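Written below as structure tokens is the structure these notes are about.
Everything numeric here is computed off the predicted structure, so don't read it as measured data. Below, read A as the first sequence line, B as the second, and so on, with proteins coming before strands; counting in each chain starts at 1.
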Amino acid sequence: MNTRRIFLKQSALAMAGFGAAPLWIRRALAATDEAARRKVLVTIFLRGAADGLNILVPFTEQAYYDVRPTLAVPRPGRDEGAISLDGRFGLHPALAPLERFYKEKLFSAVVATGSPDPTRSHFDAQDYMESGTPGRKSTQDGWLNRALSPLPDGSPVRAVSIGPRLPRSLRGAQPAVALNTVEEFRVKQAGASVALESMYAGSHDAALGAAGRETFEAMKLLEPLRRQSYSPGNGASYPRGKLGAGMEQIARLIKANVGLQVAFTDLGGWDHHTNERAQLPGLLRQFGGAMAAFAQDMGSRMEDIAVVAMSEFGRTVRENGNGGTDHGHANTMFLMGGPVAGGAIYGQWPGLDRDCLHEGRDLAVTTDFRDVLASFACRHLGVANAASVFPGFTQPPGGWEWKRS
Amino acid sequence: MRVRGRKLLMVSALALAALWGSDAATPWSRKLAGGEKVLHALNRLAFGPRPGDVERVRRMGLDRWIEGQLDPSKLQENPVLAGRLAPLDSVRMTMGEMAAKYPPRRLIRAEAGERPSERVTPGRGSEERREELKKVAPQLLVTSDLMQNKLYRAVYSERQLEEVLVDFWFNHFNVYLNKGQVRRLTASYERDAIRPFVLGKFKDMLRATAEHPAMLFYLDNWRSVDPAAAERLRANALGEGPQALRRVRGLNENYGRELLELHTLGADGGYTQKDVVEVARCFTGWTIGAPLTDPKFQFAARLHDKGEKFVLGHKIPAGGGMEDGLKVLDILAAHPSTAKFLSRKLAQRFVADDPPPALVDRMAATYLKTGGDLREVMRTMIHSREFFSVGAYRAKVKSPLEMVVSAVRALDASVQSALPLSKAIDELGQPLYRKEEPTGYRDTAGEWVNTAGLLARMNFSLQLAGGRLRGTGVAQDGSSVADPRQASLRLLHEEPSPALLAALEKSLEGKPATPAMVAGLILGSPEFQRR
């Protein structure tokens with residue numbers, strides 16, 4: 001069996017793993033500040049528990065076809081069949097734009113990932129995935145915010161999410177900006193900005209004062225950018241919809257070199273308890289189209305960018321009574337970017353035969369989602385100690401060694 | 001211990017009190033002054049004060065005002081409201097009338113793919129405009145009626161607590177407008193399954209939501225059937241029954257799970273995956289009759305799983321029918337986990353993001369003692385020392401809905417079309433009736449305090465106070481003042497903080513102050529974002 005690492009770029013730093021980092025590692029890290037500053041991690045949350053088994057299809061599994069008589073994506077080569085990536089797993093046909101990036105070794109996936117916590121509640125599972133602390137509800141901040149903490153002080157827009165609410169992943173001690181679009185990010189009445197800024201700067205209200213100060217700092221930084229219109233590079237064209245628009249805003253911020261390090265965007269609507277066949281392709285066209293357009297738009301800049309897409313849990317292996325699927329357990333995570341050793345599927349595949357299933361019904365988890373996210377925090381963003389991002393989590397022995405599935 | 005605690009310095013006393021759960025001098029035991037109490041009540045039990053409200057409540061007596069709010073049907077309604085609601089005919093229709101007047105085929109959109117733009121040009125309420133819209137885009141009229149109905153009531157109704165509670169309980173039993181047919185079922189859902197029960201018995205609201213086509217559709221239960229029965233049905237050549245049932249093949253867990261997790265026990269309420277499946281089996285056959293022409297709850301006995309079930313340790317014997325589901329609702333409504341879960345959620349909305357557990361316990365005890373009487377639970381909460389305490393005062397950040405409506409009320413603005421207000425609420429981060437997930441919106445500061453939300457609040461404030469928000473008129477007369485201190489007293493009902501005053505004066509430097517600018521800045525200030 002072929003073993004290789006999920007990251008292409010190896011370095012002395014990375015090889016050292018990440019327990020309590022020796023001093024030399026921390027020194028070395030400081031020396032690579034400049035390089036680290038250019039690294040960007042983009043996370044996409046597919047809310048509602050996307051059906052990973054129909055997104056990356058295990059088409060060699062007879063059990064898959066047995067228990068999904070109306071829902072299964074046909075084998076490659078058949079009408080509307082899966083697009084084989086490695087002879088075992090294939091993309092849903094609506095994800096065709098991503099095939100090219102797999103071949104270019106920029107796209108990959110980790111199968112059978114998930115949480116050690118067995119919850120099938122969207123609410124709790126999203127919370128656990130975003131806080132990075134499965135089973136613990138008292139955590140106040142998010143993993144992506146904690147991934148920023150050990151980095152040297154950065155730009156007021158080092159952390160950005162797209163939309164009018166700041167996601168749990170980005171809440172915490174480090175400033176993080178929520179914005180809809182760069183154009184909208186301004187006080188629209190001349191003369192009012194100064195007074196509002198001073199009002200929030202002097203406020204004793206801890207939460208609102210801090211958010212106000214972050215708002216005005218980010219606004220000043222983005223002001224020159226606002227005045228230029230944006231057209232994607234390399235002929236890229238983002239699909240219509242929330243995700244495409246969000247990825248375009250992120251691309252724009254990255255290219256403007258304003259110091260962006262982590263970005264977050266999300267897309268809901270994946271909770272397909274009924275009629276999944278009709279609903280999934282539209283969402284996948286948005287997802288695949290947005291990822292592909294982003295990679296194309298970024299061009300060679302993709303060398304420094306990693307994208308990871310996740311969903312709170314998977315769905316039942318067996319289709320339910322209504323042409324849908326119910327809440328399950330393990331799911332697939334999707335990875336893209338230069339730092340990712342694409343062109344291979346990762347993770348240990350537990351199989352779909354009944355005795356291999358979690359609680360007799362769901363895909364079993366073989367890789368803790370934190371294992372994947374920690375690799376991005378440490379290897380990509382340069383966090384020295386994964387436990388600072390995922391408290392209580394210990395990397396299994398062999399750390400970065402990801403077996404090809 | 002308490003005696004010793006009092007002798008220590010204040011700081012230690014607080015720390016010790018917290019540690020021992022003593023009631024010595026915590027922020028939850030320090031009382032508000034009389035004037036603060038009235039303002040606090042108007043900010044929590046209403047969508048904020050209009051000019052003159054504080055004085056009016058003080059004159060009539062706070063307790064009397066509260067009692068009036070707890071018995072809203074006896075309150076005389078604001079005549080302005082009736083005028084505003086008159087043109088919104090779709091919110092008064094039965095689901096059958098809605099199906100007839102707003103043909104379903106145009107309302108059901110493909111659930112997949114790109115959603116058409118929600119933008120609709122706000123009408124002036126004129127008949128021609130409505131007639132035109134009815135022809136070209138009836139689904140937009142249904143949506144806009146619903147939103148306008150909610151906002152007019154929030155702004156103008158004298159039954160303020162009822163409106164606050166309808167918002168709370170709709171969010172608790174959330175359904176999503178853009179899922180298939182939910183759109184034309186939502187008006188009835190809010191009117192018939194939520195509103196009548198917000199100060200009644202919880203178990204009645206629970207049953208009304210369980211049986212309502214909007215919930216049956218949204219959480220898929222209308223298609224959840226006994227797999228064996230489905231087999232039989234198909235074998236019988238699919239001839240009879242609602243057409244949609246022909247596609248039906250078996251059990252769907254969606255409603256069963258959310259009923260336990262979100263509607264009653266809470267995620268930590270002590271149930272298992274097995275309970276979820278057993279509950280789902282109990283609700284098989286709860287479906288919608290004539291879903292396209294005259295949607296109504298229907299129990300289809302032949303689709304019901306008649307086997308024996310065990311729910312939370314209770315045996316539900318074989319051979320049952322609709323009573324299986326009703327039994328589950330009774331078990332859940334009477335469960336101590338439900339009492340606690342609902343009490344905490346109410347206290348989180350009305351008292352603080354992290355409400356004191358002792359208060360939650362007392363509310364839960366009232367719930368259990370009164371058989372889930374929500375009016376009594378509210379009474380326990382409102383008359384608690386924690387409710388009118390320093391710990392609760394201005395502790396909550398307003399939701400976008402609360403921010404927008406309280407600003408309109410504070411300015412005594414006149415709303416002719418509420419759609420631009422609804423759009424503003426979208427931008428602040430809380431699209432009305434469009435929270436896709438069954439969880440509803442989370443009601444804590446972290447949900448709303450961020451750069452984009454704050455900026456949207458500032459821009460809305462300036463636009464509204466400047467009279468530039470379409471559909472809402474602000475009087476620019478003697479009642480509004482440019483003096484920062486006077487304006488602060490009028491809009492915030494308190495002396496401006498030094499930071500606020502300095503900022504207001506700074507903006508006016510060298511320029512003549514306009515009342516609109518000063519009001520816009522105050523509404524956009526950190527102070528106004530709290531209630």
Nearest 0.5 Å, what's the CG-OG distance between A:Leu253 and A:Ser155? 9.5 Å
I'd like to know if B:Arg442 and A:Asp127 make a salt bridge, using a cut-off of under 4.0 Å between side-chain N and carboxylate O. yes
Would you say the side chains of A:Gln174 and A:Arg146 form a donor-acceptor pair under 3.5 Å? no
Residues B:Arg281, B:Asp226: salt bridge by 4.0 Å N-O rule: no
Derivation of the ring pair (Phe, Tyr, Trp, His ring centres under 6.0 Å) call for B:Phe283 and B:His304: CA-CA 8 Å; B:Phe283 283 98; B:His304 182 67; 9.0 Å; no
Based on non-hydrogen pairs under 4.5 Å, which of B:Ser497, B:Gly446, B:Gly466 is most in contact with chain A? B:Gly446
Measuring heavy-atom distances to chain A, does B:Glu437 have an atom under 4.5 Å in its side chain, in its backbone, in both, or in neither? side chain
Would you say that more than 12 heavy atoms from the other residues, nucleotides or ligands in this model lie under 6.0 Å from the CD of A:Glu359, or not? yes
Looking only at heavy atoms and a cut-off of under 4.5 Å, which of A:Leu166, A:Asp326, A:Leu196 has the most pairs with chain B? A:Asp326
Top contributor to chain B contacts, counting heavy-atom pairs under 4.5 Å, from A:Leu179, A:Val187, A:Asn180: A:Val187
Please flag which part of A:Ala207 lies under 4.5 Å from any non-hydrogen atom of chain B: side chain, backbone, both or neither. both
Heavy-atom distances under 4.5 Å only: say whether B:Phe460 touches chain A with side chain, backbone, both or neither. neither
Given heavy-atom pairs under 4.5 angstrom as the criterion, report whether the side chain, backbone, both or neither of B:Glu427 touches chain A. backbone
Flag the one option from B:Glu258, B:Gln430, B:Arg468 with the top tally of heavy-atom pairs under 4.5 Å to chain A. B:Arg468
Bottom line for B:Leu454: the part with an atom under 4.5 Å from chain A's heavy atoms is side chain
When heavy-atom pairs shorter than 4.5 Å are enumerated against chain A, which of B:Asp426, B:Asn252, B:Leu428, B:Val276 gives the highest number? B:Asn252
Whatever's closer than 4.5 Å to a heavy atom in chain A on B:Glu253 counts as both
Could you tell me whether A:Arg120 and A:Asp362 have a side-chain N and a carboxylate O separated by less than 4.0 Å? yes
B:Pro526, B:Pro438, B:Ala499, B:Gly429: which one forms the most heavy-atom pairs within less than 4.5 Å of chain A? B:Pro526
Counting only non-hydrogen atoms closer than 4.5 Å, does B:Asn254 touch chain A with its backbone (N, CA, C, O), its side chain (CB onward), both, or neither? both
Who pairs with A:Asp117 by side-chain hydrogen bond (donor to acceptor under 3.5 Å, both in side chains), at least two apart in sequence or on another chain? none
Let's test your reading of the structure: which of A:His204, A:His122, A:Lys137 forms the most heavy-atom pairs below 4.5 Å with chain B? A:Lys137
Does a side chain donor of either B:Ser488 or B:Glu495 reach within less than 3.5 Å of an acceptor in the other side chain? no
Ignoring hydrogens and geometry, is there a side-chain-to-backbone donor-acceptor pair from B:Thr284 to B:Asp305 under 3.5 Å? yes
Checking A:Arg47 against chain B: side chain, backbone, both or neither under 4.5 Å from a heavy atom? side chain
Could you state the interatomic distance from CH2 (A:Trp270) to CZ (A:Phe287), rounded to the nearest 0.5 Å? 6.5 Å
Identify, with sequence neighbours excluded, every residue that meets side-chain hydrogen bond (donor to acceptor under 3.5 Å, both in side chains) alongside B:Ser461. none
Quick one: what part of B:Ser525 sits under 4.5 Å from any heavy atom of chain A, side chain, backbone, both or neither? both
The interface call for A:Ala176 against chain B, heavy-atom contacts under 4.5 Å, is backbone
Could you tell me which portion of A:Arg285 (side chain, backbone, both or neither) has an atom closer than 4.5 angstrom to a non-hydrogen atom of chain B? neither
What part of A:Arg277 is in contact with chain B, defined as an atom under 4.5 angstrom from a non-hydrogen atom: side chain, backbone, both or neither? neither
